[in-house]
Each structure stands twice: as C-alpha cells, then as structure tokens.
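Residue numbers start from 1 in every chain, and the chains themselves are labelled A, B, ... in the order their sequence lines are given, proteins ahead of strands. Reckoned from all heavy atoms, side chains included, excluding hydrogens, waters and symmetry mates.
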Number of protein chains: 2
Amino acid sequence: MSFRLLIVEDSPELLEATGDFFREEGSGLWDVVTASDGNDALAKVRGGSFDLMILDIMLPGASGFDICRAARQKSDCPIIFVTALGSENNILKGYETGCDDYVVKPFSLRHLYAKSLALLKRAKKSSDGDILRCGTISLNRNTMLVTVEGREVAINAREYFLLVYLLENKGAVLTRKAILDHVWGDDLDVSDRVVDNTIRRLRESLGSASGQIKTAIGRGYRITEE
Amino acid sequence: MSFRLLIVEDSPELLEATGDFFREEGSGLWDVVTASDGNDALAKVRGGSFDLMILDIMLPGASGFDICRAARQKSDCPIIFVTALGSENNILKGYETGCDDYVVKPFSLRHLYAKSLALLKRAKKSSDGDILRCGTISLNRNTMLVTVEGREVAINAREYFLLVYLLENKGAVLTRKAILDHVWGDDLDVSDRVVDNTIRRLRESLGSASGQIKTAIGRGYRITEE
DNA sequence: TTTTCCGTGACATATTGGCGACACATCGAA
DNA sequence: TTCGATGTGTCGCCAATATGTCACGGAAAA
C-alpha cells in the first residue's frame with residue numbers, strides 16, 4: 001500500500017531533490033508523481049487521484065492556486081503550498097483556496113516531510129471513520145451521500161441507515177431481528193417483511209452494485225465486496 | 001495450552017535473547033519458532049499457523065511488510081513490528097499493512113513481552129466463543145460464515161445450526177435424538193432420517209472437510225479434527 | 001448369514017424471499 | 001388549508017430454494 005503524491009515545482013533541482021527525499025525516506029511509502037509546469041500539473045490532477053499534493057504557487061502556465069481549485073473539484077486530499085514569497089496575502093489566499101498547510105522557501109525537506117506525514121495521517125484517520133466502502137459502494141457519514149462507481153445515487157432514509165448497518169458489519173450475516181433492532185429501533189410492531197422490502201428498495205437504489213447485497217436464506221442478509 | 005509465537009529477526013544475538021526471554025518468562029506459555037531471514041519466515045508463515053508474530057522490518061530476503069501481508073492472507077493473528085528506524089513512515093506503513101503494534105529498537109524485552117501478552121489476550125477474547133474451529137473448518141458465530149481451509153463455503157440454515165451443534169461438542173458423539181432436540185427444537189414430528197440427510201448435505205457443503213464428520217454407527221455423529 | 005444401520009438419489013412438500021400493488025403518513029408548496 | 005409528491009409499512013402471489021420423506025442397495029455388526 002503506497003500513497004500517491006503529486007509534487008509540482010518549476011525548479012528542476014528542487015523538484016528532483018524533493019521527489020528523491022520522499023522516495024528514499026518513505027522506502028516505498030510514496031508513489032511520487034511530478035510536474036514542472038501548471039498545465040502539466042492540471043492534466044495530472046484531472047487524470048488521476050492523489051493522497052497528497054505539494055504545490056508551488058508561482059509556476060509557468062496555471063498557478064498553484066488554479067491547480068488547487070481544480071483538485072478541490074474532485075477530492076479533498078491534503079494540499080501543501082510552497083511559496084517563495086512568504087508574503088501574508090499568498091498564505092491567506094492559499095487557505096482561502098482550500099490548502100491545508102504551507103511552507104516558505106527556503107525550507108527544510110525534513111520539515112516538509114513531517115508536515116506531509118502529519119496531514120496524511122490526519123486525512124487517513126478522518127476518512128477511515130467517516131467513509132464506509134465496500135466494493136464499488138461508498139458511503140460518507142458526514143454528508144450522508146452514497147456513491148456507486150463514483151456516481152452519486154439517490155437513497156431514502158431507511159435505506160441509508162440499513163446500508164450503514166450493513167457496511168458497519170461488512171461481510172457478516174445480519175439477521176432480520178438484528179436489523180430491525182438497529183435500523184428500526186425498539187418501536188417494533190412492524191412485520192419482518194419490511195426488512196425484505198427495504199432491502200429490495202436499497203438494491204434498486206444501488207443499481208449496478210445491487211448484487212453486493214447477498215441473501216443468506218434462513219438467516220438474513222449481508223454485504224460483500226463483490 | 002501454549003501459544004505459537006514466530007519471531008523473525010536477522011540479528012542472531014537479539015533473536016536468541018528474545019526467544020529465551022519469552023521461553024523463560026512464559027515458562028511453557030509460548031511455543032517459540034524463529035527465523036532469521038525473510039524467505040525462511042515466509043515459508044514458516046505459509047506452513048503453520050501462529051498466535052502471535054514479532055517481525056523485524058529490515059531483513060535479508062523478504063521484508064517484514066511482505067511477511068505481514070502473507071500472514072494476513074490466511075489469518076488475523078496479532079503482529080508486532082520491530083523497526084530500527086523509528087521513523088514515522090515505517091510505522092504508518094506498518095499499520096497500513098495490518099500490524100497491530102510496533103516497537104522501536106533499541107527496546108526493552110520486558111516491554112515487548114507486555115505488549116505481546118496484551119495483544120494475545122485481546123485476540124483470544126475476541127475469538128473465544130465467537131469462532132469455533134475444528135481441523136480445517138472454521139465457523140464464526142458473529143458473521144455466521146463458515147470457511148474450510150480459509151475459503152468461504154456456502155451453507156444452508158439447517159446445515160449451519162447443525163454444524164454449530166457439532167462444533168460446540170467437538171469430538172463427542174451426538175445421538176440423533178439429541179441433534180433433533182437441539183437443531184430442530186421441540187416441534188418434532190419429523191423422522192430420524194432428516195438428520196442423516198442434513199448430515200449428508202452438510203458434508204457436501206464442507207467439501208474437502210467432509211471427512212471430519214464421522215458416523216458412529218448405532219449411536220450418532222461426531223465431528224473430529226481430522 | 002442375517003439383521004441392522006446408514007448413504008444416496010429421487011421426489012414431494014414446505015418455507016422463504018422477491019416483487020408488484022396498495023394504503024397510509026409525512027411534508028412542502030400553492 | 002388542500003393537494004400532490006414522496007417515503008414507508010403491509011399484503012398476497014409466485015418462483016426459488018430448502019427441507020422432509022421414501023425406497024433401495026450396500027456396508028457393518030451380530
């Protein structure tokens with residue numbers, strides 16, 4: 001498991017030094033991608049997904065701010081700005097654009113590396129608890145949005161909480177009783193069949209991922225990776 | 001009752017010291033297996049099952065990460081990483097790979113031993129009562145899933161509860177009457193032969209492990225280790 | 001050998017869950 | 001308020017599946 005890192009920097013020496021530092025220090029932790037001008041960076045941002053970005057602000061082509069905005073369109077991966085100016089307005093503008101941290105040139109590579117690790121760890125931690133994934137299904141507990149193959153799908157409240165319960169117990173067979181207890185609560189004068197029907201509607205909502213919800217006849221339901 | 005411990009470490013002195021410490025301190029609690037290079041360790045991981053692993057990361061041959069990944073293929077036994085670097089990225093990567101804890105060299109053997117005991121206790125607790133094992137059969141009562149040789153097998157409700165009853169009384173001969181009482185309940189206007197047939201279907205479902213269910217002619221059935 | 005017991009295949013039946021349809025509740029907008 | 005749109009629980013039917021029964025043949029005990 002390695003993390004995709006994008007470094008954008010127009011000075012070839014600094015770009016190479018930074019890339020090498022991350023590669024060596026991380027011993028395989030980082031999968032480093034580099035770009036030396038704004039347009040190249042934009043293309044790479046749009047083409048792939050990254051776990052961390054280190055962006056110089058002053059660049060030929062698009063600026064670091066532009067790249068940051070483009071990146072924010074599709075993900076909220078941590079972004080560190082590198083600024084030669086050190087002027088306050090750049091930093092301020094950086095935070096407005098949505099960066100997470102910044103370093104001022106000249107900077108120590110070790111310092112940059114430490115910041116990167118800290119941000120990565122934080123991102124991992126916050127996403128681990130908040131985003132439930134299984135196969136092509138992804139559920140964000142903060143926004144309460146569900147996506148399948150990256151596309152958002154409409155989902156009802158009952159279906160949502162049922163899906164949460166399934167995902168919290170990925171792989172496990174959940175009996176109707178357990179599902180009723182957790183999703184419907186104690187106000188149970190409802191028939192067992194509501195579970196069936198909600199499962200059915202959830203499957204419809206999930207579209208191509210509907211097959212991930214498996215029926216364990218005589219026992220209950222479970223969600224699997226595939 | 002002893003627990004199988006694998007220690008992988010390329011320094012012969014440290015390896016011996018650690019092994020001796022566990023043997024003496026545990027006075028029979030640990031069944032210590034050692035390996036001094038990555039490939040040897042991989043072979044041992046693939047060959048046997050362990051209750052705990054202590055893995056050095058930097059090794060000749062395969063790295064500790066590789067061994068961890070290989071181990072995770074077949075079990076979720078606790079794994080402790082030993083790193084000489086103490087750098088954060090190794091630790092982070094270790095957790096990514098699926099380790100449970102780590103110690104940084106130089107470390108105190110007593111400290112390592114304490115961590116080991118804690119992890120072992122936690123692992124035992126979570127598995128006791130929840131996972132029934134017998135030979136190559138493993139049944140998880142939480143997830144209601146059954147695996148044979150690590151691979152999941154499909155199983156019906158009746159077969160499942162019959163298997164639970166057999167495993168709860170591992171080795172013991174269970175009469176048809178006892179089986180009917182426990183698995184079918186009191187609504188018994190069913191013939192004794194349903195047991196035979198369910199046993200037959202269970203054997204089919206268990207595939208290569210079918211031989212573990214033995215017939216005790218004139219008495220009933222029992223499940224054995226092999 | 002004789003008798004009892006069990007494995008197996010075939011079949012009948014019971015159970016389960018998927019599905020469509022409907023009724024009622026809830027909520028917002030006109 | 002009224003009206004519709006939407007969400008949610010219930011019911012009944014039917015196909016799929018699980019499960020029980022039977023009969024036969026062979027193996028193990030007596």
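Near-neighbour residues of DNA chain D inside residues 167-176 of chain A, defined by a heavy atom below 4.0 Å, are absent. For DNA chain C, no neighbouring residue in residues 159-166 of chain B is found when judged by any heavy atom under 4.0 Å. Non-hydrogen atoms lying under 4.0 Å from DNA chain D are contributed by A:N197, A:R201, all within residues 196-204 of chain A.
Ring centroid separation for the pair B:F3 and B:F50 does not come in under the 6.0 Å cut-off.
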Would you be so kind as to tabulate the donor-acceptor pairs closer than 3.5 Å made by side chains of residues 193-200 of chain B, with sequence neighbours excluded?
{"unit_1": "B:R193", "atom_1": "NE", "unit_2": "B:D196", "atom_2": "OD2", "d": "3.3"}
{"unit_1": "B:D196", "atom_1": "OD1", "unit_2": "B:R176", "atom_2": "NE", "d": "2.9"}
{"unit_1": "B:D196", "atom_1": "OD2", "unit_2": "B:R176", "atom_2": "NH2", "d": "3.4"}
{"unit_1": "B:N197", "atom_1": "OD1", "unit_2": "B:R200", "atom_2": "NH1", "d": "2.7"}
{"unit_1": "B:N197", "atom_1": "ND2", "unit_2": "B:R193", "atom_2": "O", "d": "3.0"}
{"unit_1": "B:T198", "atom_1": "OG1", "unit_2": "B:V194", "atom_2": "O", "d": "2.7"}

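For the pair A:T215 and C:dG18, the criterion of a side-chain N or O lying under 4.0 Å from OP1 or OP2 is met. Dashed line: the shortest gap from a side-chain N or O of A:W184 to OP1 or OP2 of D:dT8 is not under 4.0 Å.
With the end axes of the helix from C:dT1-D:dA30 to C:dA30-D:dT1 each set by five pairs, the angle from one to the other reads 30° at 10° resolution.
For A:T136, the side-chain contact (heavy atoms from CB on, under 4.5 Å) criterion is met by A:V148, A:E149, A:A209, A:Q212, not counting sequence neighbours. Partners of B:S63 under the side chain to side chain donor-acceptor pair (under 3.5 Å) rule, at least two apart in sequence or in another chain, are B:D66. With sequence neighbours left out, the side-chain contact (heavy atoms from CB on, under 4.5 Å) criterion links A:A35 to A:V8, A:D40, A:A41, A:K44.
Evaluation of the side chain to side chain donor-acceptor pair (under 3.5 Å) test over residues 165-175 of chain B, restricted to residues two or more places apart or in two chains, returns B:R141-B:E168, B:Y165-B:H182, B:K170-B:E225. Applying the salt bridge (charged side-chain N to carboxylate O under 4.0 Å, His left out) test to every pair with at least one member in residues 52-61 of chain A, sequence neighbours left out, gives these pairs: A:D56-A:K105. The stretch residues 206-223 of chain A participates, sequence neighbours left out, in these salt bridge (charged side-chain N to carboxylate O under 4.0 Å, His left out) pairs: A:R222-B:E152.
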### Task
Summarise protein proximity over nucleotides 25-30 of chain D in one line of letters, 5' to 3': B for base, S for sugar-phosphate only, - for none, counting protein heavy atoms closer than 4.0 Å.
---S--
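Of the candidate nucleotides D:dT8, C:dG17, D:dT19, D:dT8 has the atom nearest to the side chain of A:R158.
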#### Entry: Chi angles and distances behind the salt bridge (Lys or Arg N to Asp or Glu O under 4.0 Å) call for A:D31, A:R4
CA-CA 5 Å; A:D31 180 9; A:R4 284 174 59 80; 3.7 Å; yes
